[in-house]
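Reviewing the structure listed below.
Positions are given from 1, in the same order as the sequence printed here.
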Amino acid sequence: MKISNIQNILNRIPSSIYLAIAVLIFASSNSITRILNDIGLHNLIDGRNPISLCNVLFVGNICGLGLMIPLFYRDWSPAILKSITRKDWISLTITSIFTGAIAPALIFTAIGNTSIANVVLIGRIEPILTLILSVWLLGLRLDVWTIAGSLASLGGVVVTILLGGLGTMMTMAGFQIGTGEIFIAIASVITAISSVTNKLQLQSIPLGIFTIYRNLLGTVIFFVIANVLYGKEHFADAFTPLLWQWMLLYALVIVVIARLCWLEGLKKATPTELNLATSLNPILSIFMAYVILSQVPTLAQYYGLSLLIIGVILNFIGNQHQGKMKQKVTKSTDIEKMDTAIGFRGV
């Protein structure tokens, strides 16, 4: 089968399918990363963990880059590169640094400092900010169901923080917040901003250039930052066989398949569909943490999770409502075009 035929088939797949695949993989990724880190702890090299979180991010991105180049090298033709404006390159560079290096580093650090449940629950700040930015920058109109679902999801985060006693390193407004929670909150803000800007960028930048450039620049920036903060010896075990045999599989599933499905879905999805997908992520993540890591949620996390489920239901209703409204508008427009074409309007 020709590549063009495959591309046509992939283009006909609904955005919801791409988002569903991506969310399912991402929901398992935090738990899988924790397992890989534990494997490294049982195979220390001179007291060092060869599958440290930094090595997973660095080598995983290298493997992902190697897998993506054969898929998208055609997008890097001189003609396509010339069509991208300087403004687009600057915008892509800024988002690549933040989403390809800074946000992943914060998330990986958070995974090592708090439970998976806290990581995904605090991360629910992201869809709220994404909706706000979509209204502001993309002109999204929200219905009452979507607003209610978002508020319920936000309530799940607040309940988890207030009842959970999430950490011991800093106290704010009567409750305690640890380093992991702070890092995941910052990463969520970065991811929310990037979700909106990425959607705009993908309208003018081919997917192949977008993914490869972001991956490459993010990997380089992360390597430089880690060397400055931790020293050159931090990546001393980056080329051990144990690490690479796991990273090839990790990169194929999480770095390549999940990211490409997410970006392809992001390009065609409405902000409401995107909000529904991100709302499902924490529920699946906590479930996968229970299945894979046997991490049983605390009572506070159960309360927060209950509100998240309510938020997902309300967002789903809102998504269905917007879909019906869109069909009505489309049908009405088609009728108007037909009436114009034949020269009269029905009564």
Taking the six-membered ring for Trp, are Phe222 and Phe58 closer than 6.0 Å centroid to centroid?
no
| request: For Asn215 and Thr211, indicate whether the former's side chain and the latter's backbone hold a donor-acceptor pair under 3.5 Å. | output: no
Any donor-acceptor pair under 3.5 Å linking the side chain of Asn37 with the backbone of Ile51?
-> yes
One should read off an interatomic distance between Ile310 CD1 and Ile313 CD1, to the nearest 0.5 angstrom, of 7.0 Å
- Message: Between Phe210 and Ile80, is there shared hydrophobic-cluster membership here, with clusters defined by ILVMFWY side-chain heavy atoms closer than 4.5 Å?
- Response: yes
Review point. Side-chain heavy atoms under 4.5 angstrom apart, residues restricted to Ile, Leu, Val, Met, Phe, Trp, Tyr: same cluster for Val56 and Ile45?
Key: no
Output for pair (Phe235 CZ, Ser52 OG), nearest 0.5 Å, gives 7.5 Å
* Asked: Looking only at atom types and distance, does a side-chain atom of Ser29 sit under 3.5 Å from a main-chain N or O of Phe26, one as donor and one as acceptor?
  -> yes
Tightest non-hydrogen contact, residues Leu307 and Ala152, listed as CB-O, 3.5 Å
What do the steps show when you test Thr85 against Trp89 for side chain to side chain contact (heavy atoms under 4.5 Å, CB included), and what is the final call? CA-CA 7 Å; Thr85 65; Trp89 280 116; over 6 Å; no
Correct closest heavy-atom pair for Gly64 and Ala251 would be N-CB, 3.5 Å
Output for pair (Thr197 OG1, Phe98 CZ), nearest 0.5 Å, gives 11.0 Å
* To do: Using the rule that two of Ile, Leu, Val, Met, Phe, Trp, Tyr join whenever any of their side-chain heavy atoms come within less than 4.5 Å, decide whether Tyr213 and Leu65 are in one cluster.
  => yes
query = Is there a donor-acceptor pair under 3.5 Å between the side chain of Asn55 and the backbone N or O of Pro50?
reply = yes
_Donor-acceptor check, side chain of Ser91 to backbone of Lys87, threshold 3.5 angstrom: yes or no?_
no
Gly218 and Ala101 have their tightest heavy-atom pair at O-CB, 3.3 Å
Margin query: Closer than 3.5 angstrom, by distance alone: can the side chain of Trp244 be matched with the main-chain N or O of Ala238 as a donor-acceptor pair?
Written below: yes
Inset, instruction - Please answer whether the main-chain N or O of Ile84 pairs with a side-chain N or O of Asp88 as donor and acceptor at a distance below 3.5 Å. - result: no
Output for pair (Thr33 OG1, Ile254 CD1), nearest 0.5 Å, gives 5.5 Å
Looking only at heavy atoms, the pair that brings Gly208 and Trp76 closest together is O-NE1, 3.6 Å
For Thr93 and Ile90, run side chain to side chain contact (heavy atoms under 4.5 Å, CB included): C-alpha distance rounded to whole Å, both residues' side-chain angles, the deciding distance at 0.1 Å, then the answer. CA-CA 5 Å; Thr93 299; Ile90 294 173; 5.7 Å; no
Is there a path of hydrophobic side-chain contacts, each under 4.5 Å between heavy atoms of I, L, V, M, F, W or Y residues, that connects Leu41 with Leu57? no
Determine whether Ile102 and Ile186 satisfy the following criterion, side chain to side chain contact (heavy atoms under 4.5 Å, CB included), listing intermediate values before the conclusion.
CA-CA 10 Å; Ile102 297 176; Ile186 296 173; over 6 Å; no
Interatomic distance, CD1@Ile39 vs CG@Leu242, rounded to 0.5 Å, equals 7.5 Å
Smallest heavy-atom separation, Leu92 atom then Gln201 atom, equals N-NE2, 3.6 Å
Taking every heavy atom of Ile21 against every heavy atom of Cys261, the minimum-distance pair comes out as CG2-SG, 3.8 Å
One should read off an interatomic distance between Arg214 CZ and Arg259 CZ, to the nearest 0.5 angstrom, of 6.0 Å
#### Entry: Asp237 side chain vs Asn49 backbone, donor-acceptor pair below 3.5 Å
no
